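Some notes on the structure that comes next.
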2 protein chains.
Amino acid sequence: MNKKRTTLKDIANVLSISTAAVSKALNDDARISVKTKKAVKQVAKELNYQPNHLASALRKGKSNLVGVIVPRTNSSFFSSVVENMEEVLNKAGYNIIITQSNESFEKECKNIDALLYTQVDGIIASMANETVDLSYYEKIKSYGIPLILFDRGENDLNVDYVGIDDYKSSHMIIDHLVSQGCKRIAHIGGYRRTRIFNNRIRGYIDAIKKHDLPHDDELLIESSLTLEDGRQQIEKLLALKNRPDAVYVASDYAALGSLQVLKERGIKVPEEIKLVGFGNEPFTSLVTPSITSINQHSEQIGKLAAETFLGYLEKDVVVQSLNKIILDSELIVRSSSE
Amino acid sequence: MNKKRTTLKDIANVLSISTAAVSKALNDDARISVKTKKAVKQVAKELNYQPNHLASALRKGKSNLVGVIVPRTNSSFFSSVVENMEEVLNKAGYNIIITQSNESFEKECKNIDALLYTQVDGIIASMANETVDLSYYEKIKSYGIPLILFDRGENDLNVDYVGIDDYKSSHMIIDHLVSQGCKRIAHIGGYRRTRIFNNRIRGYIDAIKKHDLPHDDELLIESSLTLEDGRQQIEKLLALKNRPDAVYVASDYAALGSLQVLKERGIKVPEEIKLVGFGNEPFTSLVTPSITSINQHSEQIGKLAAETFLGYLEKDVVVQSLNKIILDSELIVRSSSE
DNA sequence: TATATTTGTTTAATCGATTAACCAAAAGTA
DNA sequence: TACTTTTGGTTAATCGATTAAACAAATATA
């Protein structure tokens, strides 16, 4: 019920010393005697002293908060990235503020404003699909705080980026499907304007060429990659006079939608058509047949993004440049493709 | 590159007025002339002034931040609750800080400390399964800021709570299974010490009695409700000499584990054994057969929890009492039970 | 005209912690 | 003894926004 929280002053009064001495004692300043330190810490404990973060942050010009923006938290990938990021940052004395854009540009802008307003010391973000206008991200840079992107990045911003090699991942998938005897491989990809999806598409095309397989335009489809759109797009492929014998879908959700339609149509997976997703969402191993997918090493991405942020702390001026950390991905082969 | 942010002083200097006048002008104080207000706002825009949240929060003793603690964000239920909570709070000028306990008591305590340290104006939480010791939650109360619990609550804390009627939900499930002709219904429930799981168990027992069905001890199992444990516990039920003809699992994840085993064993669902989960996770409609489940109205829960918090703002002293908002749940019938 | 009121703004204190600059007393040194 | 250095603090300014109190000028009222 004692709404009044104890402050440095309260401790100082009890011991009849200055608040400065108390502050230094609590921060283990060398100029404070061991005896005083002990006494101060003792009283601090007795009065249940909790430092006022706002005051110290204001004075030090540093909030020890890091803002995080993800498209959504209820995806195992982002949730795992955030969890690992948090672990690293907590150890370094930072707390994180998680916000989600729900893939909306407008919401993303609001989040950026809210984070800047809260005086975060840096922002780690994965961009919404919708985002094309980069002015809000430029705003972050103009604040002079570090900005680190992961997974969904953008070269034009010239900031640090952590992600996997999407181009190479496509090659891994196509190589695998070819090794399984596939000759006509389709790709339900994301929108080309999003860098990662563009890379997956490029990888798909180049890998197809590498194996001297047909690369008909009709086999390459751009999609929003939702479950529902996965259903729609597979229908198009099934309607072709010359059906594919394998489909590489750039997202597990859309892959699941495709799988549902295939099953409803009585088309055997993997016997008639092989299917590969992307992202290694937990449900890929839960559905029947389980879906082959790409694991993106969310733990590593989270940790590296956090460490990249921490790397800026030593420097007194933040000068960012396009500094990419690209991780290898991992193909998890499951029933849908073998 | 202008690392220096503009402050009230900068604006004041440009116009040769006091910072007090600038502050009042920006806050539309009645005592400032329209002319001055216009000029101030104009300059503020030109200099791209962004108020320093730390300073105003310190002065006003109010951070406009609300802390949220959830067991994990990558569950559709919690993610949806948080999303709706955020919407309501944002409209009222509040931002939220999301933290996850990962069902760990230790992590939860750390989160509480971090949130209090950040000077949040209130905390909305759903407790970790592990949590039995309530001292950290008492600590929140002792800070004099509102604490609102949802889904995973605890009567002893005497604070506001928003959730569904678990007892009644069990009745809905049993009623449904009985109407489908089931005569021997098992329950893989959570740990009794968690209130919501205890209520589900009580509801199960009472509903069974209501229908004059056998309530053997062997049909009621306590579980951690993970997917893996769902696999383990169904094995026990299958090993019984007198197998159940329906299983009500208190979590969708555990229900999925059970379903996997049933399918592996070649036991037909729902023909031989009917299955019902709890929580209406998206995958329940994605797997084959789709799983009947309980929808918990996450949107409502999120909104109501947020509104409950906002309700405290008018009062000058926070006096909390056990004030429960119990929502009706909804049974979503799918293939696994009919 | 003299006084009261309103308007619009300034002054200065404040929130709580930190820190540069200063200082007295104790200890060391020549 | 006289001077320097070290020890262990204190004083006061500061971070940036807010706000109670004060105040001058303009306007209203008697």
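Only a predicted model underlies this, so the values are computations on that prediction, with no experimental measurement involved.
- What separates CG of B:Asn64 from P of D:dA17 is a distance of 15 Å, to the nearest Å.
- For the pair B:Arg195 and B:Tyr161, the cation sits on the ring face: its NZ or CZ lies under 6.0 Å from the ring centre, inside 45° of the axis.
- Ring pair A:Tyr94/A:Phe309 is perpendicular by interplanar angle, where above 60° counts as perpendicular and below 30° as parallel.
- Classification of A:Asp10 and A:Arg5 as a salt-bridged pair fails, no side-chain N sitting under 4.0 Å from a carboxylate O.
- Spacing between atom CD1 of B:Ile11 and atom C1' of D:dT18 amounts to 14 Å, rounded to whole angstrom units.
- Between C:dG16 and A:Thr7, no contact under 4.0 Å exists linking OP1 or OP2 to a side-chain N or O.
- Between the side chain of B:Thr36 and the backbone N or O of B:Ile32 there is no donor-acceptor pair closer than 3.5 Å.
- In this structure, the NZ atom of B:Lys60 is 16 Å from the P atom of C:dG16, given to the nearest Å.
- Using a 4.0 Å cut-off between charged nitrogen and carboxylate oxygen, A:Lys107 and B:Glu87 do not count as a salt-bridge pair.
- Checking side-chain atoms of A:Ser63 against main-chain N and O of A:Gln119 turns up a donor-acceptor pair under 3.5 Å.
- Using a 4.0 Å cut-off between charged nitrogen and carboxylate oxygen, A:Lys37 and A:Asp29 do not count as a salt-bridge pair.
- Electrostatic pairing of A:Glu307 and A:Lys303 does not count as a salt bridge here, judged by no charged N lying under 4.0 Å from a carboxylate O.
- We find that CG of B:Asp10 is positioned 9 Å from P of D:dG16, with the value rounded to whole Å.
- Between its two ends, the helix from C:dT1-D:dA30 to C:dA30-D:dT1 turns its axis by 60°, counting five pairs per end and rounding to 10 degrees.
- Here the P atom of nucleotide C:dA12 and the NZ atom of B:Lys9 are 14 Å apart, to the nearest Å.
- The interatomic distance linking A:Arg59 (CZ) with D:dG16 (P) rounds to 10 Å, in whole Å.
- In this structure, the nucleotide among C:dT10, D:dT18, C:dG16 sitting nearest to the side chain of B:Ile17 is C:dT10.
- Formation of a donor-acceptor pair under 3.5 Å by the B:Thr308 side chain with backbone atoms of B:Leu304 is found in this model.
- Taking the six-membered ring where the residue is Trp, B:Tyr117 and A:His53 present tilted rings, their angle falling between 30° and 60°.
- Heavy-atom distances under 4.0 Å link DNA chain C to A:Tyr49, A:Pro51, A:Asn52, A:Ala55, A:Ser56 of residues 40-58 of chain A, given in residue order.
- Of the residues in residues 20-38 of chain A, those lying under 4.0 Å from DNA chain D by heavy-atom distance are A:Ala20, A:Ala21, A:Lys24, A:Arg31, A:Ile32, A:Ser33, A:Thr36.
- Regarding A:Lys62, its NZ atom lies at a distance of 15 Å from the C1' atom of C:dA17, rounded to whole Å.
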Using the rule given for side chain to side chain contact (heavy atoms under 4.5 Å, CB included), can you reason through B:Asn48 versus B:Gln50, listing the C-alpha separation, both sets of side-chain angles and the distance that settles it, and then say yes or no?
CA-CA 6 Å; B:Asn48 188 30; B:Gln50 308 281 141; 3.3 Å; yes
